[in-house]
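A quick write-up on the structure given underneath.
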Amino acid sequence: MKISRIAIRNFRRLENVEIDIEERESIFVGPNNSGKTSATAVFRCFLGGRDFRIHDFSVARMADFDAFVAVGDAGQLPKISLDLWFTIDPESIAFGRVFTLLPKLSDFTRVGIRLSYEVEDAKKLFEHYDAAYPTQEDGTRAKALSQYLVFDGNLSRHYAVRYFSLDEKPQSEGGAKIVTSKLEPDEGKRLVKHLVRVEFVDAQRNINDDDSSRSNRLSSAFAAFYQKNLEQVGPAADAHSVIDENNRQLSDHYAKQFDPLIKLIKHLGVPSINDRELRIISSLSPETALRGSTELLYVDPSRQHELPELYNGLGFKNLIYMAIQARHFHSQWVMTAENRPLCLMIFIEEPEVHLHAQVQQTFISNIWQVINQSAEAAGEPDLVPQLVVTTHSSHIMEAIDFEKVRYFQRCHITGETASSGIRNASAVRSLRAFQPEAEMIDGKLVSPSESLVFLKRYLRLTHCDLFFADAAVLVEGAVEKLLMPVMIENAAKRLRTTYLTILEVGGAYAHRFEGLLSFLHIPYLVITDLDSVMPTGYPRACRADVVGARTSNASLKKLCGQTTVADLIALSPADKQHITKDRCIAFQTDITVTDGTVQQTLRPRTLEEAIIYENFGLLRSGTLSIDITIPAHLGDAYQAVYGRIQSDSFKKTDFTMDILACAEEWTVPGYIVEGLRWLESRLCQPPTTVTTTTATAIADTVVL
């Protein structure tokens, strides 16, 4: 039996979301404060024993408390709900148990239950609130109802969890209607307890070497695992008289019991061949040692030199701690003798903490190795949990299937517009639901499956940070990527405080990201080249000012719907923006070059040409160089620059390094300035007026 889908309403940022859950692992990704932790916390509140607080209600629902006071309608009081949908194999034992638990359902292969945190007695709530903060002479109260519910357990006094069974009824016009049946509180608690167990490996693991209340020592984790999961040693008659002998015996016992787990940990990648081995020993009095107290040592096997837990790295400790926790949670579930919950979910938050890239890449497979060994040792190979991993690691993303990603994105509360300011809600999108459209590219039909394969390969090969960024910038190649931080600094400083991912996609592939970026609702800027070619015959490169010149750039043809350079140049800034797709296209435009007393409009074909024409004075003075003599006549110089940049001997990267090393300030090409400022207006609040006495601090540029 597995959880297949969850629905969360009115909990923190999660105003109303549905999330599909995979049979094995689901990966929650997204920018900071996009709701990933909230999706974990709602399980902790409903199923993990944590109390709800008033601030767990969505921002949009806080006004409903005040509306209840004004109108007295109990239906206006907000509720927090969590729907759990399970799929069941009709051939499994679980099918019979569910039939016993929910005999009224019509479809036993898909079972749903709703947990709803709501008011128990609205009248009593109002009476208590009115007594605490009566109406004053001016008609106001000292505190609002939402403020009253903050104090002294008032919320838990008046709110409680109610339970409902859910049944999906197909509709004749398509879709399904959810029918709810209220359950008695005791019946609901019993049902949930039989259906699902949830466990948590928190992000704040505090794996330190001290015994403070906020620390998790590895030795303590091993001791707890021993007490609850392994065979215990019997009391030794001479333990009290021969402490050392008893400690030796207990250490031998630990070595035997922990040997399978230690061997498995060695295969996780740490300790490596150059690291010390692990050894568990007994270090306390016999009375305490017999209760399972342990100390963790790091041992050099050749020298038999032992070091205490303090002397190893945090990444090593973090990985071992997570492995022990996953094994412990699974073992406890499997060993539940009576009424074992049919489903186990383990939430692991930010496993990448302190782990180097290679270990992050293998983390998921290593954790499954730990769990599978536990299942096989218990003789229950089919009893495997579902993992939910929240992460900001692109390395973990590389190692998992594209379809297992659930993307969290900040959005506006329902009914608010983009001009409303802060995005207080979140949307969740399952990449399993993403399907590109078939499209014609240069006369060739590209199927959805081909496009999907391309996107998967690209994202895996580029360590892509797309799922953690505020916006994406799609560029031609390495030159644009190297220059981007400097161009942002010079042209759109406010973008330094945003998180951008820069994707090198070339002119032939930028449009292939259109479907994915639109699906994820990520704003993006495409910076590409005109790539002018002759109007007839074989598509040979030509100067961009050739009459009738066409573009060979597939992205421009697809995204702008134009094939000739003249038509592209004629587009206005508004024509290059697509509001619905949250996109802007930037490509070379005409540049007026002043050379002494001569002025001429030049049309660049590529970024390098655009930089030179925008900074022709630096080229003339020798500050910038392309390793040729620049003709005196501006028209001849135009042809010489074009020819040099098109030549095979021109090194774009060397040219880029010369620009970066340039002592004088250089001008960013206008088309890039236009695109970056569109992105700046899209992501940043309008600049505020600051007085001279106000201290200001500008964050460093962050480009992922």
Side-chain angles (χ1 to χ4, degrees), residues 3-21 35 38-65 67-68 72-86 98 101-102 104-105 110-126 145-146 149-150 153-169 176-198 341 343 345 347 413-414 425-426 428:
I3 290 180
S4 60
R5 177 164 54 97
I6 64 174
I8 305 167
R9 297 176 190 83
N10 299 329
F11 185 77
R12 301 185 185 176
R13 299 188 60 89
L14 306 178
E15 183 186 14
N16 187 7
V17 301
E18 290 190 0
I19 307 173
D20 294 333
I21 303 296
S38 295
T40 300
V42 72
F43 277 86
R44 196 185 295 274
C45 288
F46 276 116
L47 302 169
R50 177 193 176 277
D51 290 335
F52 283 94
R53 301 182 179 91
I54 189 64
H55 300 296
D56 288 326
F57 287 89
S58 298
V59 172
R61 303 279 73 79
M62 299 306 291
D64 295 343
F65 287 104
F68 163 71
D73 180 5
Q76 292 183 307
L77 283 169
K79 307 172 184 178
I80 296 173
S81 67
L82 171 64
D83 292 356
L84 303 174
W85 288 95
F86 302 84
V98 170
L101 294 169
L102 293 169
K104 298 179 181 179
L105 293 183
R110 185 172 174 79
V111 176
I113 184 168
R114 173 173 297 169
L115 294 78
S116 179
Y117 189 65
E118 54 189 68
V119 69
E120 287 190 290
D121 188 329
K123 181 179 178 182
K124 185 180 292 185
L125 169 62
F126 179 79
L145 177 58
S146 58
L149 292 173
V150 172
N154 289 337
L155 182 65
S156 59
R157 188 176 299 120
H158 295 285
Y159 266 69
V161 178
R162 290 179 175 171
Y163 302 87
F164 304 83
S165 64
L166 304 176
D167 200 4
E168 278 190 331
K169 302 289 187 181
K177 177 183 178 182
I178 296 177
V179 178
T180 62
S181 300
K182 187 175 180 180
L183 303 171
E184 292 299 320
D186 290 342
E187 181 187 5
K189 289 179 183 178
R190 179 183 63 85
L191 177 59
V192 171
K193 185 177 180 181
H194 284 297
L195 289 177
V196 61
R197 175 185 292 178
V198 293
C343 176
M345 290 188 73
F347 291 87
I413 291 171
T414 303
S426 295
V428 183

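Keep in mind that the numbers below use all heavy atoms, side chains included, and drop hydrogens, waters and symmetry copies.
- In this view, R44 and D202 satisfy the side chain to side chain donor-acceptor pair (under 3.5 Å) rule, not counting sequence neighbours.
- Taking each heavy atom of I19 and A39 in turn, the nearest pair found is CD1-CB, 4.4 Å.
- Shown here are the ring pair (Phe, Tyr, Trp, His ring centres under 6.0 Å) partners of F65, two or more places apart in sequence or in another chain: F57.
- For Y117, the ring pair (Phe, Tyr, Trp, His ring centres under 6.0 Å) test picks out F52, Y159, with sequence neighbours left out.
- For Q76, there are no side chain to side chain donor-acceptor pair (under 3.5 Å) partners at least two apart in sequence or on another chain.
- Partners of N154 according to the side chain to side chain donor-acceptor pair (under 3.5 Å) rule, which considers only residues two or more places apart in sequence or in another chain, are R157.
- For A122, the side chain to side chain contact (heavy atoms under 4.5 Å, CB included) partners are F68, A74, L77, V119, not counting sequence neighbours.
- Of the possible polar contacts, one joining the S58 side chain to the R12 backbone as a donor-acceptor pair under 3.5 Å is found.
- Atom CD of E184 is surrounded by 12 or fewer heavy atoms from other residues, nucleotides or ligands within 6.0 Å.
- Applying the side chain to side chain contact (heavy atoms under 4.5 Å, CB included) criterion to K124, with sequence neighbours excluded, gives D121, H128, H158.
- Looking at V192 and L84, their side chains never come closer than 4.5 Å, going by heavy atoms from C-beta outward.
- Listed by chain and residue number, W85, T87, R110 satisfy the side chain to side chain contact (heavy atoms under 4.5 Å, CB included) test with S4 (two or more places apart in sequence, or in another chain).
- Of all non-hydrogen atoms in K193 and P341, the two that sit nearest each other are O-CG, 3.5 Å.
- Annotation: side chain of L166 is not in contact with side chain of I113 (no heavy-atom distance under 4.5 Å).
- Between D83 and R9, the closest side-chain pair of non-hydrogen atoms falls below 4.5 Å.
- Checked against side chain to side chain contact (heavy atoms under 4.5 Å, CB included), K182 has the following partners two or more places apart in sequence or in another chain: R162, F164.
- For the pair L82 and F11, the minimum side-chain heavy-atom distance is 4.5 Å or more.
- Of the possible polar contacts, none joining the D167 side chain to the V179 backbone as a donor-acceptor pair under 3.5 Å is found.
- Partners of E18 under the salt bridge (Lys or Arg N to Asp or Glu O under 4.0 Å) rule, at least two apart in sequence or in another chain, are R5.
- For the side chain to side chain donor-acceptor pair (under 3.5 Å) test, residues two or more places apart in sequence or in another chain that qualify with S116 are E118.
- R61 meets the salt bridge (Lys or Arg N to Asp or Glu O under 4.0 Å) test with E15, D64; sequence neighbours excluded.
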